[in-house]
Amino acid sequence: MHRDRRERRCIPTAGSWMMAETDRFMQERERKREALRAAGVDPYGGRFPDVEPTVDVRARADVVDIPVGQKLADFTARMAGRITLLRDIGKLAFLTVQDRTGTMQFGLSKGDLGDAQWTVFKQLDLGDIIGGEGIIGRTKTGELTLWLTRLTVLAKALRPPPEKWHGLTDVELRYRHRYVDLFSNREEVYEVFRRRSAIIHAIREYLVDLGYLEVDTPVLQPIYGGAAARPFVTHHNTLDMDLFLRISPELYLKRLLVGGMERVFEISRNFRNEGISPRHNPEFSMIELYEAYADYHVMMERTEGMVAAAIEVIGNRESPIVDREAGIEQSRDREGAVPFGKSPTELSGFGGTGSAFQRPFGEHMLNFAPPWRRAKYADLFREHAGLDIKDKPGVLERAKSEGIYQKLTKSIGDGHVHVKPDPAAEGSLIDHDVLVNELFDVLVQPHLIQPTFVYDYPASICPLTRRHPEDPSIALRFEAFVAGMELGNAYTELNDPRVQEENFRRQVAGEGDETMAVMDEDFVTALEYGMPPAGGLGVGIDRMVMLLTNSRSIRDVILFPLQRKGGVS
RNA sequence: GAGGGCGUAGCUCAGUCGGUAGAGCACCUGCCUUUUAAGCCGGUGGUCGUGGGUUCGAGUCCCACCGCCCUCACCA
């Protein structure tokens, strides 16, 4: 039947389709698969128990003296993985086999393996998944090698893997076919997600050790709230009810404070129907935590503690393979990219930096050693803008010279800009506070490279936030910035039900920065039962992973970032 | 949503002034018992993102559309 196929493609009639390149590769591999079946070999294997990871085999080999060019008959191993390189020397072959911990060279000798097994080997291709049993040795060049006495086919790959040296570099293909990205760009991509897992694990451990309870609250919410963002809307058929995908778990977690969960956290996937950028994905992960009897100063320590715990757990690790790095770096340089990416020294942890809390990020070296810098909003504004935040004429003048004023007045009417109630009042069409905030974004935020807590925001910028008891113009809030990027946001939480109720009313009326569809009356009811004073904190997990893996785009730390449908198949 | 860039073989990339579409890897035939991106001989493989247009002739020029990336806006 294979012959039929080949003949068909060899006789292109006028106007017929030429054989697609992909089909040629796949049909060749299908031919080999059928050859395996004809020889009584299942090309998709089955249970293959007691497989030893590469790192374990290498660790065992490290404590044994294996002379170069020798095999140790009593050093046996049983391993499995994907063939990433295949060197066929005639009656001898070397395969590089990759598992989750690294790569191992398999050596195959026709004489040792026997004709039947050698025939099986001849049907293998790059990308196939195999198991092997044999004895460990070292080749002439000292390479640790598993010399097979038995070869098992576990999965015949029908599609060829990407080019073996460059791997997959097309970013669109990398995101759409992440499974290929993961095995073909193993050293960079797999490592990022290994770290992501370790970071989340470390955060959990850190908080649980502090007596926190991890919870799950609704993703499908009849009323959304807790942040300023447009939601995704969905519908429950049987209940015939519109629901929102949560933009934040905040209002549910605070209900749990009322219920007596004094220390509570959730690692929550949130969904915001907003724009997409290298720092924004429509669905993203955040850790939110609430601690009774604490305040936002305590939350600064929690932020430092979580990051320190994360760095500790990802720090000490030798990268098993780094050879292909040079090629990746070159391709990025061709695009004129900044020096992001993982160098061998970075992958191995603390290489040459002196402090365990230092991490490279782009052209910066970030120092996460606690305590991080703590700076008041107004002080930073004075430092970088040279202005007092209450200096209305000065702020207006600077906003004009920076082009911010012009940009804002131009976009009045799109619903995002707050027009001053009485424009004539001070010769400005834009709220003073809006101008301050815009100037902060442009003049201050980009300079906040090293981890910095910006605290005591002007209350006018965050109208829904609890005020400082001694200075009502100050809001009890901080934001954590690293590399010019917002990493976290925290408050001394509002627990006065009447103030909360009033805030909701203003939100519904669209007066504040946030708007919402309807008031969450049940949340007010909860506060009426009494919520302990508390500190609350939200930290973006994806951004934290970006910072700790030197990743320039949020899409590089999310396994399957949202892509438009269509595109390359 | 606005502006800019990109899309050529399965993968990584060349393609000059508009004049028969190329290389490496991969794949196929053959050789090779210590390779390290193995090597050597020979060979196959293309709807140049899609659709229109200009032209004697379009990968190349023009228009529209699709997808990706970047900047801005919204947002975290």
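A quick note: this is a predicted structure, and the numbers were derived from the prediction, not measured.
Per the stacking criterion (ring centres < 5.5 Å, plane angle < 30°), A:F25 does not stack onto the base of B:A26.
Residue contacts for A:P161: at a heavy-atom cut-off of 4.0 Å it reaches no nucleic acid atom on any strand shown. Here A:G111 lies in heavy-atom contact (under 4.0 Å) with a base. Note on A:D112: nothing from the nucleic acid sits closer than 4.0 angstrom, heavy atoms only. Within 4.0 Å of A:G540, counting heavy atoms only, lies no atom of the nucleic acid at all. Note on A:Y175: only backbone sugar-phosphate atoms sit closer than 4.0 angstrom, heavy atoms only; bases stay farther off. Using a 4.0 Å heavy-atom distance criterion, A:D88 is classed as a base contact. Using a 4.0 Å heavy-atom criterion, one finds that A:L487 contacts no nucleic acid atom at all. Nucleic acid contact for A:R138: none, since no nucleic acid atom lies under 4.0 Å from a heavy atom of the residue. Residue contacts shown for A:E143 include a base, since a base heavy atom lies under 4.0 Å away.
Whole-Å rounding puts the A:L86 CG to B:U34 C1' distance at 15 Å. When rounded to the nearest whole Å, the span between CE of A:M26 and C1' of B:C28 equals 18 Å. For A:R564 and B:G7, the CZ to C1' distance is 16 Å, given to the nearest whole Å. B:C70 atom P lies 5 Å from atom CZ of A:R555, rounded to whole Å. One atom, CD of A:E438, and another, P of B:C74, lie 6 Å apart when rounded to the nearest Å. Taking atom CZ of A:R24 as the reference point, atom P of B:C28 lies 10 Å away to the nearest angstrom. Remark: P of B:U33 and CH2 of A:W147 are 12 Å apart, rounded to the nearest angstrom. In this structure, the CZ atom of A:R29 is 8 Å from the P atom of B:C28, given to the nearest Å.
B:A23: Watson-Crick or G-U partner is B:U12, with both key distances under 3.5 Å. With both pairing distances under 3.5 Å, B:U71 is matched to B:A2 as a Watson-Crick or G-U wobble pair. Using Watson-Crick or G-U wobble geometry with both donor-acceptor distances under 3.5 Å, B:C32 finds no partner in any strand shown. Base pairing annotation: B:A37 forms no Watson-Crick or G-U wobble pair, as no partner gives both donor-acceptor distances under 3.5 Å. Base pairing annotation: B:A58 forms no Watson-Crick or G-U wobble pair, as no partner gives both donor-acceptor distances under 3.5 Å.
Remark: the backbone N or O of A:M546 is not paired with any side-chain donor or acceptor of A:R552 at under 3.5 angstrom. No side-chain donor-acceptor contact under 3.5 Å links A:R272 to the backbone of A:E283.
With C1' as the reference atom, B:G30 and B:A14 are 30 Å apart, rounded to whole Å. Rounded to whole Å, the separation between the C1' atoms of B:G43 and B:G5 comes to 39 Å. Taking the P atom of each, B:G4 and B:C11 are spaced 29 Å apart, rounded to whole Å. Taking atom C1' on both B:C40 and B:C56, the two are 46 Å apart, rounded to the nearest angstrom. Comparing B:G57 with B:G53, their C1' atoms are spaced 15 Å from each other, to the whole Å. Using C1' as the reference atom, B:C41 and B:C32 are 12 Å apart when rounded to the nearest Å. For B:G49 and B:G59, the P atoms lie 10 Å apart once the distance is rounded to whole Å. Using atom C1' as the reference point in both B:C62 and B:G1, the two lie 26 Å apart (nearest Å).
With distances taken from any side-chain atom of A:K140 to the nucleotides B:C74, B:U34, B:A26, the minimum falls on B:U34. Residue A:E274 has its side chain nearest to B:C74 when only B:G67, B:C74, B:U71 are considered. The A:T145 side chain lies nearest to B:U35 when the options are B:C68, B:U35, B:U12. Comparing B:C32, B:A37, B:A76 by their closest approach to the side chain of A:A227 singles out B:A76. Of the candidate nucleotides B:A76, B:C68, B:A26, B:A76 has the atom lying nearest to any side-chain atom of A:E486. Each of B:U12, B:U33, B:G67 was ranked by its minimum atom distance to the side chain of A:L168; first place goes to B:U12.
The salt bridge (Lys or Arg N to Asp or Glu O under 4.0 Å) test with A:K254 singles out one residue from A:E493, A:E288, A:E266, and that residue is A:E493.
Proximity of A:K164 to the phosphate of B:A38: a side-chain N or O atom is located under 4.0 Å from OP1 or OP2. Within the structure, a side-chain polar atom (N or O) of A:R87 is placed less than 4.0 Å from OP1 or OP2 of B:A38. Put simply, A:K32 has a side-chain N or O that comes within less than 4.0 Å of OP1 or OP2 on B:C28. For A:R272, no side-chain nitrogen or oxygen approaches OP1 or OP2 of B:C74 to under 4.0 Å.
For A:Q105 against B:U35, a side-chain-to-base donor-acceptor contact under 3.5 Å is present. The base of B:U12 is not paired with the side chain of A:T169 by any donor and acceptor separated by under 3.5 Å.
Judged by the 6.0 Å and 45° rule, A:R82 forms a cation-pi pair with A:F183.
Both A:I554 and A:G142 sit near RNA chain B, but only A:G142 has its closest nucleotide nearer the 5' end. Both A:K122 and A:L562 lie close to RNA chain B; mapped to their nearest nucleotides by heavy-atom distance, the more 5′-ward contact belongs to A:K122.
Relative orientation of the A:W118 and A:F121 rings is tilted, given thresholds of 30° and 60° on the angle between their planes. Aromatic ring orientation, A:Y457 versus A:Y377: tilted (interplanar angle from 30° to 60°). Relative orientation of the A:F481 and A:F440 rings is tilted, given thresholds of 30° and 60° on the angle between their planes.
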- Show your working on side chain to side chain contact (heavy atoms under 4.5 Å, CB included) between A:V57 and A:I136 and close with a plain yes or no. CA-CA 9 Å; A:V57 175; A:I136 294 294; 3.8 Å; yes
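In terms of heavy-atom proximity, A:D88 sits nearest to A:G90 at OD1-N, 3.0 Å.
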